[in-house]
Amino acid sequence: MTTALAAAFKTIVEARRSHRVFDPHAPFDGTAVERSLTLASYAANSSNLQLWGFYRVRSADKLKLLADACLGQKAARSSREMVVFVTRRDLWRSRAQFMATHLRHVFAPDIGPEQQRILSYYEKLIPFLYLNDPFGILGYAKYLTMQLVGLFRPMVRQVRSQDLDIVVHKSCALAAQTFMLGIKAEGYDTCPMEGFDSRLVKKLLGLPSGAQINMVVAVGPVAATTPEPPRIRVAEREVVFTV
Ligand SMILES: Cc1cc2nc3c(=O)[nH]c(=O)nc-3n(C[C@H](O)[C@H](O)[C@H](O)COP(=O)(O)O)c2cc1C
C-alpha cells in the first residue's frame with residue numbers, strides 16, 4: 001500500500017533533475033534556500049559530527065566569480081544563487097566536544113555504563129580516529145594496527161587520513177542531496193557541480209586549508225517551457241542486488 005507520504009516523496013524524487021539553464025526573469029524566493037538548508041542540516045552524517053559548512057553565494061559580483069571558478073558552466077552562469085557544500089574535517093575536535101558536552105547535559109544526572117560508552121565514543125574513539133599529522137603517518141600506523149586486529153575480529157579498517165576525507169565527503173553529499181530535494185519541493189530546480197577549480201572556490205569563500213569543496217549547487221527557477229531532460233539509468237538489475 002502506498003501512503004500519501006510515500007507518494008509525495010516519490011513525486012519530489014522523480015521531479016528533481018539537474019537543470020543547466022535557469023530563467024533570469026521568473027520570480028524566485030530566496031527563503032526557499034534558507035528552509036532547504038535547514039533540512040540539509042538534518043541529513044544523516046557520520047557520528048553526528050556535522051563536519052560541513054553550507055555557503056550561500058547571492059551577490060551578483062560573487063556569483064560571477066563563482067561561475068568563473070565553476071569553469072563558466074551554464075548552470076552556474078544562469079543561477080540565481082549557488083550553495084557551496086564544504087567539508088570541515090578540521091573541526092572534528094570542537095564538534096566532538098560539542099557532542100560530548102551536549103550529551104552529558106542530556107544524560108545528567110544518570111551516567112551509567114551505557115551513557116559512559118557513548119561519551120567515550122566522543123571523548124576517546126573520535127580523537128583516536130581523527131587525530132593525524134600533516135604527513136598522514138599516524139593514519140598509516142593506525143591502519144596497520146587495524147589490519148592486524150582485523151585478522152582476529154571484525155574491525156573498522158578505513159582509518160588513514162584519506163579515508164577520513166571520504167567519511168566527511170559522504171556525509172556532506174547526503175546534505176547536498178537533501179538540500180536539492182528540499183529545493184525541488186519548494187518549486188525550484190538545482191544543478192550539482194563538481195566541475196570547479198577548488199583553489200579558486202576556497203579563496204572566494206575565504207576557507208582555511210583544512211576545508212574541502214564537496215560540490216557547488218546552482219539554484220533557480222527553470223522556465224516552465226523548458227523540456228525535461230531524458231532520465232537515463234542503467235537497468236536496475238545491474239545495480240540492485242539481493243544477497
Ligand atoms: C557529485 C556530482 C557532480 C556533478 N557535477 C556536474 C557538473 O559539474 N556539471 C553538470 O552539468 N552536472 C553535474 N552533475 C549532474 C549529473 O550530470 C546528473 O546528476 C546526472 O547526469 C543525472 O541526471 P539527473 O540529476 O537529472 O538525474 C553532477 C552530479 C553529481 C552528483
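Start at 1 and go down the list; that is how both ligands and their atoms are numbered. Everything numeric here is computed off the predicted structure, so don't read it as measured data. Count residues from 1 along the sequence.
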Colleague: Around ligand 1, what residues show up once you keep those with a heavy atom under 4.0 Å from it?
Modeller: Arg16, Arg17, Ser18, Arg20, Gln73, Cys191, Pro192, Met193, Glu194, Gly195, Arg233
Colleague: Under the ring pair (Phe, Tyr, Trp, His ring centres under 6.0 Å) rule, what pairs show up with a residue in residues 219-243, not counting sequence neighbours?
Modeller: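 Pairs touching residues 219-243 that pass the test: none.
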Colleague: Between Gln50 and Asn48, do the side chains contain a donor N or O and an acceptor N or O under 3.5 Å apart?
Modeller: yes
Colleague: Under 3.5 Å, is there a donor-acceptor pair between the Thr178 and Tyr42 side chains?
Modeller: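 Judged by distance alone, the side chains do not pair up.
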Colleague: Compute whether any side-chain donor of one residue and acceptor of the other, for Gln73 and Arg20, lie under 3.5 angstrom apart.
Modeller: no
Colleague: Flag the pair Phe28 / Phe22 as yes when their ring centroid distance falls below 6.0 Å, and as no otherwise.
Modeller: no
Colleague: What I want to check is whether the side chains of Arg88 and Ser94 have a donor and an acceptor closer together than 3.5 Å.
Modeller: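 No, Ser94 and Arg88 have no side-chain donor paired with an acceptor closer than 3.5 Å.
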